[in-house]
Student: 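Okay, here's the structure, questions in a sec.
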Amino acid sequence: MNPDQIAALNDDAKGKSPSEIIEIALAHADGQAVVTTNFRPYEAVILHLVTQAAADTPVLWIDHGTNLPETYRFAEKCRAQLTLNLKPYLPLMTAAHWLALNGGQVPMPDEVERVESFSRIMKLEPFERGMRELAPKVWITALRREQNPQRAATLAPFMWDAKFNCLKVNPILDWTPVEMDAYLLEHALPNERTYYDPAKGDEKHECGLHAKLVTDKA
């Protein structure tokens with residue numbers, strides 16, 4: 001899509017609900033859409049929205065093997081309740097292998113080099129592989145402005161992702177926790193607030209899934 005087409009989609013999205021934005025997106029997918037998740041808090045919202053519109057949409061999840069037990073239990077609750085077409089992608093290196101080579105524990109937010117190594121090897125490589133193999137025309141995300149203050153001004157409901165040559169769609173971009181909590185309650189969806197992403201580090205550091213991917217280092 002060219003910039004004018006993306007701008008037209010964003011104009012059309014003004015005032016529309018997340019469900020309506022997803023319907024617009026799916027109309028451009030030709031049956032080739034994916035939704036990505038990391039099963040962090042509130043992820044059941046985007047998963048429910050998407051599966052209500054297209055139940056068999058592949059759900060791309062990068063399972064790096066070091067999630068908290070609560071995250072794995074939450075993932076299973078979502079998979080069962082929403083009958084997700086879950087597509088887990090795992091790193092080429094096991095979590096035990098990476099940990100043995102890198103201090104034995106997942107990186108903490110202030111350990112920049114370890115965070116970047118974990119992100120590159122354990123998360124970005126399988127993500128890039130998953131996107132190549134699933135080859136979506138539409139990529140639906142759970143991105144929200146309040147979670148990305150450094151990039152909030154650059155985000156829009158519809159964007160073009162040149163890396164994967166697909167339409168990137170952010171239906172709940174402007175939702176706050178108030179809307180998210182209300183949606184969870186209305187649809188009796190599960191949630192889990194205990195979460196830690198070793199690939200992200202502190203709140204100013206992106207794990208890279210929504211930025212340029214760099215996977216050419218070991």
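Values reported hereafter were calculated over all heavy atoms of this structure, with side chains retained and with hydrogens, waters and symmetry mates removed.
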Student: Measure the shortest side-chain to side-chain distance between Val138 and Val169 over non-hydrogen atoms and say whether it is less than 4.5 angstrom.
Tutor: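 The answer is yes, as the side chains (C-beta and beyond) meet within the 4.5 Å cut-off.
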Student: When you measure from the side chain of Asp161 to the backbone of Phe164, do you find a donor-acceptor pair of N or O atoms at a distance under 3.5 Å?
Tutor: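 Side chain of Asp161 to backbone of Phe164: a pair is present.
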Student: Identify the two heavy atoms, one from Pro198 and one from Phe118, that lie closest to each other, and give their separation to 0.1 Å.
Tutor: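 Looking at all heavy atoms of both residues, the shortest contact is CB-CE2, 3.7 Å.
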Student: Please round to the nearest 0.5 Å and tell me the distance separating atom CD1 of Ile22 and atom OG1 of Thr57.
Tutor: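 Atom-to-atom, Ile22:CD1 and Thr57:OG1 are 9.0 Å apart.
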Student: Asp197 versus Arg40: any side-chain heavy-atom pair under 4.5 Å?
Tutor: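 They are not in side-chain contact.
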Student: Okay, side chain of Glu128, backbone of Glu125: is any donor-acceptor separation there less than 3.5 Å?
Tutor: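 Not confirmed, Glu128 side chain does not pair with Glu125 backbone.
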Student: Can Phe74 be reached from Leu49 by stepping across I, L, V, M, F, W or Y side chains whose heavy atoms are under 4.5 Å apart?
Tutor: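 Yes, it is one cluster - the side chains of Leu49 and Phe74 are joined through contacts under 4.5 Å.
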Student: Can a side-chain donor-acceptor contact be found between Asp181 and Tyr42 if the only test is distance below 3.5 angstrom?
Tutor: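 A pair is found: one side chain offers a donor N or O, the other an acceptor, under 3.5 Å apart.
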Student: Would you call Glu192 and Thr71 a side-chain contact if the rule is heavy atoms closer than 4.5 Å?
Tutor: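 Glu192 does not reach Thr71 side chain to side chain.
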Student: Hey, does the side chain of Arg144 reach the backbone of Trp175 with a donor-acceptor pair shorter than 3.5 angstrom?
Tutor: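 Confirmed, Arg144 side chain pairs with Trp175 backbone.
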Student: Are the side chains of Glu23 and Lys16 in contact, using a 4.5 Å heavy-atom criterion?
Tutor: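 No, every pair of side-chain atoms sits at 4.5 Å or beyond.
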Student: In terms of side-chain heavy atoms, does Glu116 have a donor or acceptor partner in Ser119 at a distance below 3.5 Å?
Tutor: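 No pair is found: no donor N or O on one side chain lies under 3.5 Å from an acceptor on the other.
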Student: Are side-chain heavy atoms of Cys78 and Glu43 found at a separation under 4.5 Å?
Tutor: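 Side chain of Cys78 against side chain of Glu43, heavy atoms only: no contact under 4.5 Å found.
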Student: Just so I know, are the side chains of Val34 and Pro58 near enough to count as touching, which here means a heavy-atom distance under 4.5 Å?
Tutor: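 In contact.
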Student: Backbone N or O of Leu68 within a donor-acceptor pair of the Arg73 side chain at under 3.5 Å?
Tutor: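 No, because the side chain of Arg73 does not come within donor-acceptor range (under 3.5 Å) of the backbone of Leu68.
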Student: Could you grab the distance from atom OG1 of Thr36 to atom NZ of Lys168, nearest 0.5 Å is fine?
Tutor: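 Those atoms lie 8.0 Å apart.
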Student: Check for a donor-acceptor pair, side chain of Arg129 on one end and backbone N or O of Leu90 on the other, with a separation under 3.5 Å.
Tutor: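 Checked: pair present.
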Student: So Glu146 and Pro177, do their side chains get closer than 4.5 Å, heavy atoms only?
Tutor: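 In contact.
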Student: Without hydrogens or angle criteria, can the side chains of Asp63 and Tyr72 be said to hold a donor-acceptor pair below 3.5 Å?
Tutor: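 Yes, a side-chain donor-acceptor pair sits under 3.5 Å.
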Student: Are Ile140 and Trp160 grouped together when hydrophobic residues (ILVMFWY) are joined by side-chain heavy atoms under 4.5 angstrom apart?
Tutor: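 Yes; Trp160 is reachable from Ile140 via cluster members.
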Student: Which heavy atom of Pro109 sits nearest to which heavy atom of Val115, and what is that distance?
Tutor: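 Closest heavy-atom pair between Pro109 and Val115: O-CG2, 4.3 Å.
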Student: I'd like to know whether Val59 forms a side-chain contact (heavy atoms from CB on, under 4.5 Å) with Lys87, so could you lay out the CA-CA distance, the side-chain angles of the two residues, the decisive distance to 0.1 Å, and finally the verdict.
Tutor: CA-CA 6 Å; Val59 178; Lys87 302 290 185 183; 6.0 Å; no
Student: Under 4.0 Å between a side-chain nitrogen and a carboxylate oxygen: does that hold for Glu76 and Arg79?
Tutor: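 Yes, this pair counts.
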Student: Any sub-3.5 Å donor-acceptor pair from Asp12's side-chain atoms to Ala8's backbone N or O?
Tutor: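 No; zero donor-acceptor contacts below 3.5 Å.
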Student: Quick one: OG1 on Thr141 to CG on Leu155, what's the gap to the nearest 0.5 Å?
Tutor: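 Output value for this atom pair is 8.5 Å.
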Student: Could you give the distance from CG (Leu189) to CG (Leu82), rounded to the nearest 0.5 Å?
Tutor: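 Result: 6.0 Å between the selected atoms.
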Student: How many angstroms lie between atom OG1 of Thr37 and atom CD1 of Ile62, to the nearest 0.5 angstrom?
Tutor: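 The CD1 atom of Ile62 is 10.5 Å from OG1 of Thr37, to the nearest 0.5 Å.
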Student: For a side-chain contact (heavy atoms from CB on, under 4.5 Å) check, start with the C-alpha distance between Met131 and Lys163, then their side-chain angles and the critical distance, and finish with the verdict.
Tutor: CA-CA 10 Å; Met131 289 291 281; Lys163 174 71 178 181; over 6 Å; no
Student: Is Met180 reachable from Val35 through a run of I, L, V, M, F, W or Y residues, each pair having side-chain heavy atoms under 4.5 Å apart?
Tutor: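 Yes, because Val35 and Met180 connect within a single hydrophobic cluster, where side-chain heavy atoms sit under 4.5 Å apart.
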Student: Grouping I, L, V, M, F, W and Y whenever their side-chain heavy atoms are under 4.5 Å apart, do Phe158 and Leu143 come out in a common cluster?
Tutor: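 Shared cluster, no.
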Student: Can Tyr183 and Ile172 be said to form a side-chain contact (heavy atoms from CB on, under 4.5 Å), step by step?
Tutor: CA-CA 11 Å; Tyr183 192 92; Ile172 56 173; over 6 Å; no
Student: So which heavy atom on Leu173 is nearest to which on Pro157, and how close?
Tutor: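 Here Leu173 and Pro157 meet closest at CD2-N, 3.8 Å.
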Student: How long is the span from the CH2 atom in Trp61 to the CZ atom in Phe39, to the nearest 0.5 Å?
Tutor: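 Nearest 0.5 Å value for the CH2-CZ distance: 6.0 Å.
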Student: Work out which heavy atom in Trp98 is nearest to a heavy atom in Met122; give both atom names and the distance.
Tutor: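 In this case the closest contact between Trp98 and Met122 is CB-SD, 3.8 Å.
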Student: Going by heavy atoms in the side chains, are Glu70 and Tyr195 under 4.5 Å from each other?
Tutor: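 No, too far: nothing below the 4.5 Å cut-off.
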Student: Tell me which one of Asp4, Leu167, Ile21 satisfies side chain to side chain contact (heavy atoms under 4.5 Å, CB included) with Leu9.
Tutor: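 That would be Leu167; it is the only one of Asp4, Leu167, Ile21 passing the side chain to side chain contact (heavy atoms under 4.5 Å, CB included) with Leu9.
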Student: Give the intermediate values and the outcome of side-chain contact (heavy atoms from CB on, under 4.5 Å) for residues Thr51 and Thr83.
Tutor: CA-CA 9 Å; Thr51 54; Thr83 320; over 6 Å; no
Student: For Gln5 and Met1, work out which heavy atoms get closest and say how close.
Tutor: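 It is OE1-CA, 3.2 Å.
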Student: I need the minimum non-hydrogen distance between Pro190 and Gln81, along with the two atoms involved.
Tutor: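 Minimum heavy-atom contact is CD-OE1, 3.4 Å.
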Student: Would you confirm whether Ser117, through its side chain, and Glu113, through its main-chain N or O, come within 3.5 Å as a donor-acceptor pair?
Tutor: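 Pair absent, no side-chain N/O of Ser117 close to backbone of Glu113.
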Student: Do Trp139 and Phe127 make the cut of ring centroids closer than 6.0 angstrom?
Tutor: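 Close enough - the centres of the two rings lie under 6.0 Å apart.
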Student: Taking atom CD as the centre, does Glu133 end up with more than 12 heavy-atom neighbours from other residues, nucleotides or ligands that are less than 6.0 angstrom away?
Tutor: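 More than 12 within 6.0 Å, yes.
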